[in-house]
Amino acid sequence: MIARRKVIISLVVSFVVQWSFSLLVWMGCFKARAMVIWLAPLAPPYYGIRFLIERDLDVAFVSLIISALAIGLCLLAVRLRRTLTLVAAHIALVIYWLWSYCLIGIGV
């Protein structure tokens with residue numbers, strides 16, 4: 001078993017590194033507005049709910065499933081503290097951020 005503190009630290013570091021990379025991409029390369037600082041980590045759940053209201057169910061369900069998967073696997077990794085669940089949580093975070101890039105990139 002991995003120590004709970006190490007699991008939490010690794011997940012937080014992974015999230016912050018990906019957020020920093022996102023800011024570097026959007027604000028550095030593409031000169032996006034400063035709003036992307038807060039939009040980047042919240043894009044999947046925000047647009048999932050927004051598209052659900054607008055009845056665009058494809059993007060809504062994908063966004064909400066990816067958000068729930070990332071949150072659920074991170075909580076499971078903290079609770080179980082097994083290597084496999086921690087790896088799955090990190091993969092879910094990468095998928096979460098890639099979907100966030102897609103949502104911001106297409107200009108939603």
Side-chain angles (χ1 to χ4, degrees):
M1 261 201 202
I2 306 169
R4 181 169 281 135
R5 182 178 174 168
K6 287 185 179 182
V7 171
I8 293 171
I9 289 173
S10 73
L11 290 171
V12 168
V13 166
S14 175
F15 191 84
V16 169
V17 166
Q18 292 179 57
W19 192 357
S20 300
F21 181 71
S22 172
L23 294 179
L24 179 70
V25 168
W26 294 118
M27 296 186 79
C29 298
F30 294 108
K31 307 290 187 231
R33 291 180 278 159
M35 186 178 88
V36 80
I37 294 171
W38 302 113
L39 181 62
L42 298 175
Y46 172 75
Y47 285 114
I49 293 170
R50 181 175 162 197
F51 286 136
L52 196 61
I53 292 170
E54 294 175 2
R55 304 230 186 257
D56 187 4
L57 300 181
D58 300 348
V59 179
F61 286 142
V62 170
S63 295
L64 293 174
I65 287 171
I66 288 174
S67 300
L69 181 71
I71 292 169
L73 281 174
C74 287
L75 292 175
L76 192 66
V78 170
R79 181 161 185 219
L80 295 181
R81 298 178 296 171
R82 304 257 188 248
T83 304
L84 190 58
T85 55
L86 183 60
V87 169
H90 281 287
I91 291 170
L93 283 177
V94 169
I95 292 170
Y96 180 87
W97 279 99
L98 289 175
W99 185 246
S100 176
Y101 293 151
C102 290
L103 289 172
I104 294 171
I106 60 175
V108 294

Sequence neighbours left out, what passes side chain to side chain contact (heavy atoms under 4.5 Å, CB included) with Ile2? Give chain and number order. Lys6, Val7, Thr83, Leu86
If you group Ile, Leu, Val, Met, Phe, Trp and Tyr whenever their side-chain heavy atoms sit less than 4.5 Å apart, what else falls in with Leu73? Leu69, Leu76, Leu80
Starting from Val13 and following side-chain heavy-atom contacts under 4.5 Å between hydrophobic residues (I, L, V, M, F, W, Y), which residues can be reached? Ile9, Val17
Establish whether Ile66 and Leu52 are linked, either directly or via other cluster members, by ILVMFWY side-chain heavy-atom contacts under 4.5 Å. no
Does Ser14 have any side chain to side chain donor-acceptor pair (under 3.5 Å) partners at least two apart in sequence or in another chain, and if so, which? Gln18, His90
Applying the 4.5 Å side-chain criterion to the ILVMFWY set and letting contacts propagate, would Val94 and Ile91 be lumped into a single cluster? yes
Grouping I, L, V, M, F, W and Y whenever their side-chain heavy atoms are under 4.5 Å apart, do Tyr46 and Leu103 come out in a common cluster? yes
Can you list every pair that meets side chain to side chain donor-acceptor pair (under 3.5 Å) and has a residue in residues 91-104, with sequence neighbours left out? Ser63-Trp99
Each residue besides Leu75 in its hydrophobic cluster should be listed here, by chain and number; the cluster joins Ile, Leu, Val, Met, Phe, Trp and Tyr at side-chain heavy-atom distances under 4.5 Å. Ile71
Minimum heavy-atom separation for Ala77 to Ala89, with atom names? CB-CB, 4.0 Å
Inspect the surroundings of CG in Leu84 and state if more than 12 heavy atoms from other residues, nucleotides or ligands are less than 6.0 Å away. no
Value rounded to 0.5 Å, distance of CZ in Phe51 from CG in Leu64: 11.0 Å
Would you say Leu23 ends up clustered with Ile104 if hydrophobic residues are merged whenever their side chains have heavy atoms under 4.5 Å apart, either directly or through other cluster members? yes
Hydrophobic clustering (ILVMFWY, side-chain heavy atoms < 4.5 Å, transitive) - are Leu42 and Leu93 grouped together? no
Can you name the nearest heavy-atom pair linking Ile8 to Val78, along with the distance? CG1-CG2, 3.9 Å
Between Arg79 and Arg4, which heavy-atom pair has the shortest distance, and what is it? O-NH2, 3.8 Å
If I compare all heavy atoms of Ala40 with all of Pro44, which pair ends up nearest, and what's the gap? O-CD, 4.3 Å
